[in-house]
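Before any comments, here is the structure.
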Amino acid sequence: MALFEVKVLCIFVRRFPALCRRFLYDACIPVILADRSVKVEDEELYTCWVGSDFEKEGREAGEWLMNYLDRQGRSDEKIHLVTLQGTINSTTQLGRTAGFAEVLEAQDNWEMLEYRDADFTQAKGQEVMDYFLDTYEDIDVVVSENDNMAFGAVDAIHEAGKTCGPDGEIIIISFDSGRAAFEAMIRGEINADFECNPILAPLVERIIEKLENGELVEKIQYVEEQYFDTSMDLERIMEIRNY
């Protein structure tokens, strides 16, 4: 059997590297981009992209909050929100911010007090949450665009003598759904977490098999993702998850 060559690239900057045209595209080698999206002048330079639908994650977080507030009898209450954003202009930040904003803009009683960059880190998340708590007297919801920033926000809230989570004063919504986030939900510190599935290999493998068989593949392919909240049996779910 002849060797079928495919290159799978995980690129950490948004510009498509010149080597892809020089060494791969010109040699007719299929290129699969994984995880981060990139800016390209010619879409033909790569075969397809595989990763997370960050905008969908943000939109589903907004929809979850809308339904949660309704169940709490707060659907008509004035709701004040703040957002801990990830590194500005990263694909993750842009998608999650835009997706959540779709729902936010449709809610007349939701007010986003401020967005602020917390750089995806726990230390910066705590620093920015300290600022929010000093600046705004009434915060109902914290939207944290990843788990690390959420952990920092929880620390800041506790140090300020306030509470968060399903039995607390402040609702915490986070993203990524790593193991530590499950533990935080079980402790009652985070209300809901929206998954960023890092397991791309099975989908990439299926794409390679199709290419090897001469089949066409879709240009954009998203991995399956879900959300988790404190109404679920989180300890059981943790037992069957790989991350």
Side-chain angles (χ1 to χ4, degrees), residues 14 35-39 49 51-72 74-121 124-133 135-154 156-157 164-165 169-178 181 185 190-197 220 222-229:
R14 295 199 72 201
D35 191 16
R36 305 300 172 89
S37 61
V38 295
K39 292 181 178 179
W49 172 87
S52 294
D53 189 341
F54 298 121
E55 192 164 327
K56 181 182 178 183
E57 292 172 9
R59 185 166 54 251
E60 289 186 343
E63 291 169 351
W64 177 91
L65 178 60
M66 181 177 62
N67 293 328
Y68 181 79
L69 292 170
D70 184 58
R71 292 194 301 272
Q72 298 292 313
R74 302 177 65 186
S75 57
D76 295 325
E77 183 182 321
K78 184 70 171 180
I79 301 297
H80 300 95
L81 305 90
V82 294
T83 294
L84 301 170
Q85 291 183 296
T87 305
I88 299 301
N89 290 326
S90 66
T91 54
T92 309
Q93 177 272 310
L94 291 170
R96 289 173 180 168
T97 298
F100 191 88
E102 286 184 29
V103 182
L104 171 71
E105 290 166 3
Q107 313 306 312
D108 293 336
N109 59 317
W110 293 11
E111 179 183 357
M112 182 63 69
L113 299 172
E114 190 171 347
Y115 297 92
R116 186 161 283 234
D117 179 8
D119 203 29
F120 287 133
T121 70
K124 192 69 174 178
Q126 183 169 356
E127 176 187 322
V128 172
M129 193 66 220
D130 282 335
Y131 159 78
F132 284 151
L133 291 167
T135 305
Y136 303 104
E137 183 177 349
D138 185 12
I139 297 174
D140 299 295
V141 180
V142 174
V143 180
S144 174
E145 291 183 346
N146 87 336
D147 289 336
N148 287 335
M149 295 186 297
F151 303 149
V154 168
I157 290 167
C164 57
E169 305 163 73
I170 301 174
I171 297 167
I172 305 287
I173 297 172
S174 187
F175 296 85
D176 285 350
S177 300
M185 283 191 284
I190 293 175
N191 295 71
D193 213 295
F194 293 77
E195 182 180 36
C196 181
N197 185 354
I220 303 296
Y222 296 117
V223 289
E224 292 185 3
E225 295 176 325
Q226 55 189 317
Y227 78 89
F228 308 93
D229 66 26

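All values reported here derive from a predicted model rather than from experimental measurement.
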Query raised in the report: With Asp130, which residues qualify under salt bridge (charged side-chain N to carboxylate O under 4.0 Å, His left out), at least two apart?
Result: none

Query raised in the report: Taking atom CD of Glu102 as the centre, does the number of heavy atoms from other residues, nucleotides or ligands within less than 6.0 Å exceed 12?
Result: yes

**Report entry** Within 45° cone and under 6.0 Å: Arg116 NZ/CZ vs Tyr131 ring
**Finding:** yes

Report summary line: Across all chains, not counting sequence neighbours, the side chain to side chain donor-acceptor pair (under 3.5 Å) partners of Thr87 are Asp119

Report task. With sequence neighbours left out, write down each residue that passes ring-ring contact (aromatic ring centres under 6.0 Å, His included) with Tyr68, or none if nothing qualifies. Result -> Trp64

Query - Within 6.0 Å of CD in Glu137, more than 12 heavy atoms from elsewhere - result: no

**Report entry** Residues in side chain to side chain contact (heavy atoms under 4.5 Å, CB included) contact with Asp53, at least two apart in sequence or another chain
**Finding:** Glu55, Lys56, Tyr222

**Report entry** Test: Asp140 and Arg74 ion pair at under 4.0 Å
**Finding:** yes

**Report entry** ring-ring contact (aromatic ring centres under 6.0 Å, His included) partners for Tyr115, two or more places apart
**Finding:** none

Report task. Return yes if a side-chain donor-acceptor contact under 3.5 Å exists between Thr97 and Glu145, otherwise no. Result -> yes

Query - Value rounded to 0.5 Å, distance of CD1 in Ile139 from NE2 in His80 - result: 10.0 Å

Query raised in the report: Quick check: does any side chain N or O of Asp176 sit under 3.5 Å from a backbone N or O of Cys196, one acting as donor and the other as acceptor?
Result: no

Query raised in the report: Partners of Ser144 by side chain to side chain donor-acceptor pair (under 3.5 Å), sequence neighbours excluded?
Result: none

